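One structure is given below, encoded as structure tokens.
Computed from a predicted model, the values in this text were never measured in an experiment.
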Amino acid sequence: MISTPLVHFEDSYARAVPKLSLPWQAAPVPSPRLVVLNEDLAAQMGLDPDRLRESDGLALLTGRLPWSGASGSTGTFAHAYAGHQFGSWVPRLGDGRALLLGEVVDAQGRRRDLHLKGSGRTPFARGGDGLAVLGPMLREYIVGEAMHGLGIRTTRALAVVATGQDVLRGDAQPGAVLCRVAASHLRVGTFQYAAATGDPSVLTALADYALARHYPQAAEADRPYLSFFESVVAAQADLVARWMLVGFVHGVMNTDNMAISGETIDFGPCAFMDRYDPGTVFSSIDRQGRYAYGNQAAAAQWNLARLAEALLPLLDADQDAAVAAATKVLGSFATRYETALTAGMAAKLGLPVPDNAMSVEILDLLRSDGVDFTGFFRALSAGTARSLFADPGPYDAWAARRQARLGSDPEGVAAAMDRRNPVYVPRNHCVERVLARAAHGDLAPLERLIEAVRRPFEARPGLEDLAGPGPAQDPPYVTYCGT
């Protein structure tokens, strides 16, 4: 009896733009052990969860199951890209500890990448060991599921596999490989790298591929590459507004971490803000606050300007005309972002129409009193928000003006607010607690947290400990890159 192949992989990107990826093989995994498997996501990808638990499945999830691509390669590739890291240009970055396993057409007919992190050194490793440790890979799993539950476009982890090998990160920690699913792994930095090659055919091939894969409607426009740029600008404006509305801080918005697809990608030093403060920074290396919560829109627009620079040769043969066209589109980012943010805040506050002044005023009050961002909006719909303020007087004045605008169906307004304002986000102290337990083999707290954030708008008995901020006396929360 001939068994059905575990997965049907394709390699359209490697064939379309061969100069932007390098065939490479994952490092051996001494003793693979499945830690977590996203069964729902596996089913969407047409993968059998039971088979993924078997030896061939573990070999697939760690890059050790060989397959032959249509390009004649061994199938797995390391992507080449460049990027600005904290504003500094790095001409060659690439997948230093990652590999593209292959592309899969999912149950909805969408092309998806299966991609590894922690799969060993590649020629792009830049001195790193190419490995990853269990805690940060589980963290990416948690945050990706939370973002998906919140309705925010995101990459998602399919599985985390322990390697049976210790990795030095100060001390010895258990190694792991993460397998994630993405619309693609094309980044602003991919376009920067293509432009820097000086070969117009590489940039054209990349743009044509990205158009067809992500924004096919742009290909029908009079100026398809300009329409492509406009589509990316629109997608990123919406994405960052959605981050802001849930208090998410990406932490490392380098150009190589901005996906052309408009998905959230590369969960490194990311976290959700507890007490509202636009200056919130979680990354250990972001000492100047470049990627602070309140700077994310400006950082995104800066990154998009770098994309525009890379695309200029395709926009118009006349450079001045190309710059003018790109600048006009780039200028639309702020309007798109503010429109999405203001409308989203109105929905969170239960206002019938957007009101930027009221939104700014209440956020200022949250900041001055150190009020929990996530908890405030649920308390507002429940009628208990006043108790969160040490000095409720200014809040009372604001609340009276809001009340006058709500209309005659307060219960309907409250229900609508609860559909927009989560009860559960991955609270930093909760994440650290479940990761510590997982490191000792106890996965029950991890599974409990994941189930909570997958349905973040539904308050459930017994999960109260996941719904509030960490203790006020806790030291500032710090996250790290490259772990």
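Under the rule for a salt bridge (Lys or Arg N to Asp or Glu O under 4.0 Å), Asp277 has no partner lying at least two apart in sequence or in another chain. For Gln44, the side-chain contact (heavy atoms from CB on, under 4.5 Å) test picks out Leu41, Arg110, Arg156, with sequence neighbours left out. Qualifying side-chain hydrogen bond (donor to acceptor under 3.5 Å, both in side chains) partners for Thr264, counting only residues two or more places apart in sequence or in other chains: Trp243. In this structure, Asp474 has no salt bridge (Lys or Arg N to Asp or Glu O under 4.0 Å) partners at least two apart in sequence or on a different chain. Take Arg460 and apply the salt bridge (Lys or Arg N to Asp or Glu O under 4.0 Å) test, not counting sequence neighbours, and it matches no residue. Residues satisfying the side-chain contact (heavy atoms from CB on, under 4.5 Å) test with Asp256, not counting sequence neighbours, are Tyr81, Gln85, Leu93, Asn254. Scored by the side-chain contact (heavy atoms from CB on, under 4.5 Å) test, Arg53 finds Leu34, Leu37, Glu39, Pro49, Asp50 as partners (sequence neighbours excluded). Residues passing the salt bridge (Lys or Arg N to Asp or Glu O under 4.0 Å) test with Arg64: none are found, sequence neighbours excluded. Shown here are the side-chain contact (heavy atoms from CB on, under 4.5 Å) partners of Ala347, two or more places apart in sequence or in another chain: Arg420.
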| request: Apply the test side-chain contact (heavy atoms from CB on, under 4.5 Å) to residues Trp24 and Ser119: give CA-CA distance (whole Å), side-chain angles for both, the deciding distance (0.1 Å), then the verdict. | output: CA-CA 10 Å; Trp24 202 256; Ser119 51; over 6 Å; no

| said: Does Leu206 form a side-chain contact (heavy atoms from CB on, under 4.5 Å) with Leu186? I'd like the steps, not just the answer. | reply: CA-CA 9 Å; Leu206 174 61; Leu186 304 183; 4.2 Å; yes

| query | Yes or no on side-chain contact (heavy atoms from CB on, under 4.5 Å) for Thr280 and Tyr477, after CA distance, side-chain angles and deciding distance? | reply | CA-CA 10 Å; Thr280 299; Tyr477 189 61; over 6 Å; no

| Going through the distances and angles, do Phe389 and Arg386 end up as a side-chain contact (heavy atoms from CB on, under 4.5 Å)? | CA-CA 6 Å; Phe389 293 84; Arg386 187 178 193 272; 5.7 Å; no

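Applying the side chain to side chain donor-acceptor pair (under 3.5 Å) test to every pair with at least one member in residues 365-375, sequence neighbours left out, gives these pairs: Asp364-Arg367, Asp372-Arg427. A ring-ring contact (aromatic ring centres under 6.0 Å, His included) check over residues 120-179, counting only residues at least two apart or in different chains, returns nothing. The salt bridge (Lys or Arg N to Asp or Glu O under 4.0 Å) pairs that include a residue from residues 279-296 number zero, where partners must be two or more places apart or lie in different chains.
The 12-atom threshold is exceeded at CD of Glu464, counting heavy atoms of other residues, nucleotides or ligands nearer than 6.0 Å. With a 6.0 Å radius and a threshold of 12 heavy atoms from other residues, nucleotides or ligands, Glu458 has its CD atom above the threshold.
Residues Val249 and Gln296 are in side-chain contact: their nearest non-hydrogen atoms beyond the backbone lie under 4.5 Å apart. For the pair Leu168/Asp129, no side-chain contact is recorded, criterion being any heavy-atom separation below 4.5 Å from C-beta on. Counting heavy atoms from C-beta outward, Thr154 and Phe267 have side chains that approach closer than 4.5 Å. Side-chain contact between Val35 and Leu443 is present, with heavy atoms from C-beta onward closer than 4.5 Å. Using a 4.5 Å cut-off on side-chain heavy atoms (C-beta onward), Leu239 and Ile152 make contact. Taking 4.5 Å as the limit, every side-chain heavy atom of Val181 sits out of range of all side-chain heavy atoms of Asp106. Between Ser21 and Leu100, every side-chain heavy-atom pair lies at or beyond the 4.5 Å cut-off. Between Ser12 and Tyr209, some side-chain heavy-atom pair lies under the 4.5 Å cut-off.
For the residue pair Ala452 and Leu466, the shortest heavy atom distance occurs at CB-CD1, 3.8 Å. Scanning both residues, Tyr215 and Gly262, for their nearest heavy atoms gives OH-N, 4.2 Å. The two atoms that bring Pro174 and Asp166 nearest to each other are CA-OD1, 3.9 Å, heavy atoms only.
A distance-only check finds no donor-acceptor pair linking the side chain of Lys348 to the backbone of Phe377 [under 3.5 Å]. Between the side chain of Asn428 and the backbone N or O of Phe272 there is at least one donor-acceptor pair closer than 3.5 Å. Between the side chain of Gln192 and the backbone N or O of Trp89 there is no donor-acceptor pair closer than 3.5 Å. One N or O on the side chain of Gln236 and one on the backbone of Ala259 form a donor-acceptor pair closer than 3.5 Å. Under the 3.5 Å distance criterion, the side-chain polar atoms of Arg455 are left unmatched by any main-chain donor or acceptor of Gly149. Between the side chain of Asp442 and the main chain of Arg437, no donor-acceptor pair closer than 3.5 Å is present. Listed for the Arg187 side chain is no donor-acceptor partner under 3.5 Å among the backbone atoms of Thr255. In this structure, the side chain of Arg139 does not engage the main chain of Leu435 through any donor-acceptor pair within 3.5 Å. Judged by distance alone, the side chain of Arg213 and the main-chain N or O of Ala183 form a donor-acceptor pair under 3.5 Å. Remark: side-chain polar atoms of His250 are paired, donor with acceptor, to backbone N or O of Ile265 under 3.5 angstrom.
Note that CG of Asp274 and CZ of Phe373 are 11.5 Å apart. Values are rounded to the nearest 0.5 Å.
A donor-acceptor contact closer than 3.5 angstrom is absent between the side chains of Thr122 and Asp95. Gln301 and Tyr337 form no side-chain donor-acceptor contact under 3.5 Å, judged by distance and modelled atom types alone.
The side chain to side chain contact (heavy atoms under 4.5 Å, CB included) test with Leu134 singles out one residue from Val161, Val160, Val177, and that residue is Val160.
Here His79 and Tyr13 bring their ring centres to under 6.0 angstrom of each other. For an aromatic pair to be called close, the ring centres must be under 6.0 Å apart, and Phe229 with Phe191 fails this.
Between Asp40 and Arg454, none of the side-chain N atoms (NZ, or NE/NH1/NH2) sits under 4.0 Å from a carboxylate O, so this pair counts as no salt bridge.
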